[in-house]
Amino acid sequence: MSTMNPPSGRDMPAGPKPLHETVEKGHHWRTRDDEFDAGKLGMWLFLGTEVLLFAGLFCGYAIMRMLYPEAFANGSHYLNWVYGGANTLILLWSSYTMAAAIRHTQLGDKARAQICLVITWLCALAFLLIKFIFEYGPKWAEGKRPGVLFNYPYAENPMEPMWWSLYYAATGIHASHVVIGMGLIGYLIYRNAKGWYGPKNYLAMENIGLYWHIVDLIWIFLFPLLYLIH
Amino acid sequence: MSSLDSHAGSAPQHGGGHHGSYLTSKGSLWADIANWATTVDHKKIGVMYLTALLILFFLGGVMALAVRFELLEPTRIVINQAGESVTTGQRLAFLASDGATANNIYNRAMTLHGAIMTFMFIVPGIPASLGNFFLPLMIGAKDVAFPRLNLGSWYVYVFGSLFALASALVGGIDTGWTLYTPYSTMTDADHWRLVAMITGVFIMGFSSIMTGLNFVVTVHKLRAPGMGWFDMPLFVWAIYATAIIQVLATPVIGITTLMLIFERLFNFGLFDPRLGGDPVLFQHFFWFYSHPVVYIMILPAFGVISETITVHARKPIFGYRSIAFASLGIAAVSFLVWGHHMFTSQGELTAAIFSFLTFFVAVPTAIKVFNWISTLYKGSIVFNTPMLYTLGFLFLFTIGGLTGLPLATLSTDMHLHDSYYVVAHFHYVMFGGTVIAFLAGLHHWWPKMFGKMYAETPAKLGFWLVFLGFNTTFFIQFIMGAHGMPRRYASYPDEFQWMHIISTVGSWMLLAGFLVHLFTFIHALLQGKTASANPWGGMTLEWHADSPPDEHNFAHEPIVKHGPYAYDRVVPPHTDPAEYPLPEKTDLH
Ligand code: HEM
Ligand SMILES: [Cu+2]
């Protein structure tokens, strides 16, 4: 049993014990289990709000598609499913490595967890690179832009700007989630390197993992809606 | 070694001379400021919210007074320095540097009033201030589930408000607080004001979600040992139901505001009919959020009333469970009836369905009102300020609720839509309901929050000024509206003038009432009598804590052995009989 000051705060020098075994519960919790459950419940609620946020976009998509089926069919023909498909695989794979990182942490294998986290982070980067280099960049240059910015000379349907509006809104908001995810996973990588996570302390990792699965899940809806349905 | 042992082994929370109340100064002024700015104590955060809310209420109130002042005369022509005749609205020209017309300026003041009052005052209102302070105390917890998130939500809220208020500094927007498209995508060449306002609303949405999420988890995970779901005080039930709506409805306004920002900046075309969009789609999105929000505004008020009414009538609340379930019922139904704001812009069948559904909201609401009235029956009612406000609430909210029925009925709404009748109706609900309940709660819990009693006589005077002033201002508007006075106009036919005069004079009475309250509160802080732990003889857990509460709320974790309102069985804890004599009638065994 450690004596003196109970360890707290990040500036604790790493003593004989790894950091993750010194983590205390917050002062207002009865047990660490309660704290853990609360953290999970909070995260699930938050993810519910994420789903609802995208639900609004999906509603907009459904209604506009009903009103202008041809513009939307044309629009999705402009997208290359190969890029979308590659991104889908990348995200699915990263979801797997994320889950593996949590599993390794639960088993106390810090090094493997670290490798998995880094792979997840790189996948997220790859997703964004594909998105920007092969999709946004060229399309924007050709004039396939949202709303008032649209100036693609060969458009066949007057409603096409709206298709691009929705495309950029939906994928853009999703991409911003990927960026946030990279920040969060980067935080995990940093903290894991310091030894913060272990079999008894992995709530943050699990919660960020859940977040990452939702980012993946939303893409799995966006991909067919935008790229595959003509 | 389990973490539980280590906790038991470490120094007890209340040892080491830390036995101050949460208000105890840290020494220097700077230390205090730093301490408050970084605090994770739900009580301090509650007080910080209260302060911010009152400042915003004041700003919104000034706008209301300006708007009412402008309506004193149908079209008032004055001669300006350049010798031109203009309407008085242009005397408010400090709001506009861009040659806006008097009507623009009127609309901007009116929009700012509406936006401040809804998004910045009444939506966060009771949950963020009284809820933050009392929810953990009432369930016997040391804090909310995520204290740092709680502090974060305050900063996000202030930041969002500043964003929205910045739109006023650059000239203000004139769309009305509902921001309806396509007007909101076309009005004012300078789109940055609108973007500032919408971004502010978007940011405040995060704050609302953070608070709601925090409260849901707190109620689930931090109730004191022995406190089952049906031992929770009704205020807690109300805040819980509110928090659920906050979490479920707010994301929708999030995406709506984002789309509106895109629409405004890039002409996305989703809502703009010139580009093939559908403005009614915006209305659907907007009201899918904003109708449930009406209940984010009113449910916490119901919670406050449930508390004040039992304590100050010294009787167990009638129909505890039905009140608790009614809160959840209202939360559920609130998601199905958004279309009643759009009767005039949808097909007949859709409108009829929404009209039909709307009437269902009346059922749980009426259950509550009947329960409150039954609680009063044969109670030992103490006519102090909280009770006066409680009775005022019952009276005003009933008017507000009943006048909603003609608006939920298709045929009558066609006549009343967007008239002053609507203005009167929603002020009876929002002001006569929520603000009045807020004042009831503020007086009820004031001694607990600050450890000082307020002076009863001036507070009662304040009540009467507010109550009479409110009715003078708004009752006449029902009549005005039924006679065809439309809302959101700066000028009107002469025949309405006498009613507008009455209404405007009422708004000055209201101002006087609020100033009296401001005075009593400041006086209480500076010179009030020290309050005992339980000045009213309440039974819920917050009255077990000191007044003002200790930094960690309770000296020992309370264990709950009876329901929250067992006046018929148990003596209220720590009651000071000199301060608040128990009624003789009550059988205390
Ligand atoms: C001090 C007392 C108040 C006065 C004198 C007052 C007066 C007014 C007036 C004259 C309008 C314009 C009506 C129209 O043409 O539509 C208005 C609108 C409004 N008021 Fe108040 N009000 C007061 C308090 C409140 C409070 C406490 C709230 C809510 C908490 C509130 C919420 C609103 C809203 C949401 C609107 C609609 C704005 C819009 O249509 O965009 N008011 N008020
Ligand atoms: Cu409504």
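Note that the structure is a prediction, hence the values are computed from the model and not measured. Residue numbering restarts at 1 for every chain, and letters A, B, ... go by the order of the sequence lines. All values below were derived from every heavy atom in this structure, side-chain atoms included, with hydrogens, water molecules and symmetry-related copies excluded.
Under the 3.5 Å distance criterion, the side-chain polar atoms of S207(B) are matched with a main-chain donor or acceptor of S153(B).
Per-residue counts of heavy-atom pairs under 4.5 Å with chain A were compared for G269(B), A145(B), P225(B); the largest is that of A145(B). Annotation: maximal heavy-atom pairing with chain A below 4.5 Å, among L265(B), L222(B), V252(B), occurs at L222(B). Annotation: maximal heavy-atom pairing with chain A below 4.5 Å, among T218(B), V144(B), D272(B), V216(B), occurs at V144(B).
Heavy-atom distances place no part of M210(B) under 4.5 Å from chain A, backbone and side chain included. With a 4.5 angstrom heavy-atom cutoff, L258(B) touches chain A only via side-chain atoms. The contact between F266(B) and chain A is made by backbone and side chain atoms together, counting heavy-atom distances below 4.5 Å. Residue M162(A) touches chain B through both its backbone and its side chain, counting heavy-atom pairs closer than 4.5 Å. Interface remark: E557(B) contributes side-chain atoms only to the contact with chain A (heavy atom separation under 4.5 Å). Both the backbone and the side chain of F268(B) come within contact range of chain A, each with at least one heavy atom under 4.5 Å from a heavy atom of that chain. Heavy atoms closer than 4.5 Å to chain A are found in the side chain of I209(B), but not in its backbone.
Taking the six-membered ring where tryptophan is involved, the planes of W163(A) and F72(A) are perpendicular, since the angle between them exceeds 60° and thus also 30°. Between Y168(A) and Y136(A), the angle of the ring planes lies from 30° to 60°, which puts this pair in the tilted group. Taking the six-membered ring where tryptophan is involved, the planes of F288(B) and F335(B) are tilted, since the angle between them lies from 30° to 60°.
Listed by sequence position, L41(A), G42(A), L45(A), F46(A), T49(A), L52(A), L53(A) are the residues of residues 40-55 of chain A in contact with chain B, using a 4.5 angstrom heavy-atom cutoff. The contact list for residues 275-282 of chain B toward chain A, using heavy atoms and a distance under 4.5 Å, reads L275(B), G276(B), G277(B), D278(B), L281(B) by residue number.
Comment: E160(A) does not engage K144(A) in a salt bridge, judged by the lack of any side-chain N to carboxylate O separation of less than 4.0 angstrom.
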